Amino acid sequence: MKTMYTIENNTAATAQNEGPPSGMTSDVIGAGRLSAPGNRREAGTAAGNRLEISISRASRLVTATLLAAGALILGTAVPEARACTACNLSFKDEVLNERAGTPAGRDMLLAMENQKHLPLEGVSSTPFLEERPNGDPGTSGEVMEVASLPASTSVSAGSAVAASPLPVAASGGMNALSSQFEEIYANEDFIDIIRRDEGLSIPTTGYVPQDMVPDKSFTIELDEGLAYLGNSVVYDGFLTNGTVPGPTIVVDQGDIVEFKVVNKGTVPHGASIHAAYTQTSKYLGQIQPGQTKSVVFRATYPGVFMYHCAPGGHAIPMHVLFGQYGMMVVKPKESEYKLAAELGREPDVEVYLVQHEWYASGKDAVEGNPMYVTFNGKLFRYIEEPIEAKPGDYVRMYFLNIGPNLLSTFHLVGIIWDYAYWQGHPDAVLPGGQTITAGPSDSWVVEFRVPPDEGPYTMLSHAVGSTSRGAIGLLVADRNAETPVTVKADGPKYTAEEMEEIAANAVRTISPFRPGSMDVEQAHRYGPETEEVFVEIIGNSYYPKVLEIAPGTKVTWINEDVFSFLAGEFSGIHNAVSTSGPERFVSPLLAHGETYSFTFEEEGEYDYICTPHPYMEGRIIVTAAEEETEDMVEAPSGRLGGWTMGLAGLALILAVVSLVRQKK
């Protein structure tokens, strides 16, 4: 067996694509090979452009043992699998050693050096180089004790704060002349900036000291699990408070808000709060399983905002694509919506509406090809549960297109907006209009009066591909409707028993990162004439997730995720590690563009995972098929697939028979 790794580098590298993992050995990898060819269909290497790295025996034994042991542990309890610490340590060692002389390795080291002295807690690569000091709550992101306000502020039982701790000035900022302001901000590093902002005509930023007692406090819980989409479809992904979307959060302009995030999952999570005009990443980034973190801010701008999971790095887009998000609304205090002023009252019907997408693979998610699109977490939810209003009712809708990929042109059939407010801000007003156009994370508030005519008013996205996939509902005008009524954007909630029963009887399960039900994850089948099959690693998912191949077929994994900074859940660095099957394989850690190959000789079923992202699962079925069948998939190499060859052979036989008959 070889003890030397060959790293093929036919093209200029754009990521860490020239080094093996520290300590990896071909004894563990078996028939595997690490390479980064310029043309992934060709195995050749340009002369004089090959780099060979010898791995020390001690290093091989230590890291290989850690990875192999980790893979076995993960394989015995995949539902509870956590990201592999050994993988992170291994990659750190690679960056500082074997990969240090490669173009991508130099990029990583340069990023680390440039970030070294910057306040980038929660998003930086510098922990690779040095450990951060403990005990500094201002930079570590740990939850801090909530300090008391000055004695002049009264606190009542059952609420966080009875009176707003800081009065609202006409500008929407805090009153710089108040004794409370001086007492609270006196020791701040940037007091001159804070005083300057108090004198502006626009609201202040949302910054407040983290020991402020809040007016309102909210807690969200992030984990992984099942959600029900309706139509007998179950989703296996990432959840907020057990649902997709998460809970609707409503505050008033000027409120001091505490936002707590509890990680009840098995991988790191985090949060980004678009309503917070201040730093959140260092407080809510990189929340480890079992950990709770929080941030305190002041909601200074009114509008409709998105919040979402944001662990840091590559995990930010992945966790949004996987379903962790929700709506937060800051209601205005300093100005009001125009229809409320004209009618002299608040709405009869308030609807908080989120449009969002569901994906069956990481590849589809990255490329923006959703399987379903819904309003508030369920297919055709408001067809099943129409929203009711009386003729003449005043309706206000808070609309947020979460996306995370598609454009929405939201419309109600039979309605022209009286007023539409961009991002939900009462001063950003447009009169009239048939639709509102919203890209991912765009939002609007729309107001209208229900015409004096009973019947259905259909709501949909006029980008009608989304409509056909589930984004459609009804607002029904009925003289007997009971109003006022409020419809929240929370996803449907089910008990554990209800969800278990639904999952057991569902006709379909989809998941962006592991195989779903067989109708969704039909195996990509290749006959014995196919020598090599490629599996893309993209969007924290293997594509295809399920392969069926003949013995002797070489499978090559290629990492198409691009973000190669950081490590573990925060990085787009992946591998493929078997958890069951007749043979074992453990790939190196692969940065962008790197490949790993393994030739499967023994028949059987092989399950495998990515140890830095253990929820990523794939399956390879090795079987000696008796004959080629029509549903075999053409190999990516461009060779004729089994069904094509079969048809060609049949055509040849028919031609010969026809020719013989003609001669007779």
Side-chain angles (χ1 to χ4, degrees), residues 1-2 5-6 8 20-21 24-37 40-43 64 67-68 70-72 74-76 78 514-515 518 521-538 541-560 574-590 594-611 614 616-629 631-643 645:
M1 302 288 280
K2 294 180 180 179
Y5 274 93
T6 299
E8 299 172 5
M24 289 306 300
T25 169
S26 54
D27 293 334
V28 176
I29 294 178
R33 185 182 67 194
L34 169 69
S35 63
R40 77 187 202 191
R41 306 304 181 198
E42 300 296 332
L67 286 172
L72 290 173
L74 291 170
T76 60
V78 170
R514 62 170 57 103
M518 290 183 63
E521 305 296 347
Q522 295 182 26
H524 287 222
R525 304 180 66 198
Y526 298 82
E529 76 287 348
T530 302
E531 297 178 1
E532 183 174 13
V533 177
F534 286 84
V535 175
E536 291 180 85
I537 308 176
I538 183 169
S541 178
Y542 300 106
Y543 184 83
K545 298 177 197 167
V546 183
L547 279 177
E548 185 173 325
I549 58 175
T553 303
K554 180 168 71 172
V555 175
T556 296
W557 288 264
I558 180 166
N559 185 4
E560 295 293 359
H574 301 291
N575 66 0
V577 176
S578 62
T579 58
S580 67
E583 301 175 272
R584 292 290 182 181
F585 58 89
V586 179
S587 86
L589 294 171
L590 305 175
E594 291 181 348
T595 66
Y596 163 77
S597 298
F598 185 87
T599 300
F600 290 83
E601 302 291 354
E602 297 188 33
E603 291 188 70
E605 188 168 304
Y606 299 76
D607 291 319
Y608 65 94
I609 64 171
C610 169
T611 53
M616 291 172 55
E617 298 176 20
R619 183 173 301 126
I620 296 174
I621 302 164
V622 182
T623 179
E626 294 182 2
E627 59 182 20
E628 298 167 2
T629 57
D631 58 349
M632 285 188 175
V633 179
E634 184 177 349
S637 63
R639 297 183 178 91
L640 292 176
W643 67 272
M645 294 293 290

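Note that the structure is a prediction, hence the values are computed from the model and not measured. Position 1 is the first residue of the sequence, and the numbers go up from there.
Taking CZ of Arg525 as the reference point, atom CD1 of Ile549 lies at 12.5 Å (rounded to 0.5 Å). One distance of note links CZ of Phe600 with CG of Leu547; it measures 8.5 Å at 0.5 Å rounding. The structure places CD of Glu560 at 10.5 Å from OG1 of Thr595, a figure rounded to the nearest 0.5 Å.
Within the 3.5 Å criterion, the main-chain N or O of Ile609 finds a donor-acceptor partner in the side chain of Tyr542. Although no hydrogens or angles enter the test, the distance criterion places a donor-acceptor pair under 3.5 Å between the side chain of Glu583 and the main chain of Glu601. Side chain of Ser587 to main chain of Asn575: no donor-acceptor pair is present (N/O by atom type, distance under 3.5 Å, no hydrogens or angles). In terms of modelled atom types and a separation under 3.5 Å, the side chain of Tyr606 and the main chain of Val622 share no donor-acceptor contact.
A heavy-atom distance below 4.5 Å is found between the side chains of Glu532 and Ser597. Between Val535 and Val555, some side-chain heavy-atom pair lies under the 4.5 Å cut-off.
Looking at every heavy atom in both residues, Arg514 comes nearest to Glu521 through O-OE2, 4.1 Å. Scanning all heavy atoms of the two residues, the minimum distance from Trp557 to Leu590 falls at O-CD1, 4.2 Å.
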Does the side chain to side chain contact (heavy atoms under 4.5 Å, CB included) test come out yes or no for Tyr608 and Phe598, once each step is laid out? CA-CA 13 Å; Tyr608 65 94; Phe598 185 87; over 6 Å; no
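Judged by distance alone, the side chains of Glu548 and Thr623 never bring a donor and an acceptor atom under 3.5 Å apart.
Under a 4.0 Å N-O distance rule, the pair Glu617/Lys545 does not qualify as a salt bridge.
Aromatic ring centres of Phe534 and His524 lie farther apart than the 6.0 Å criterion allows.
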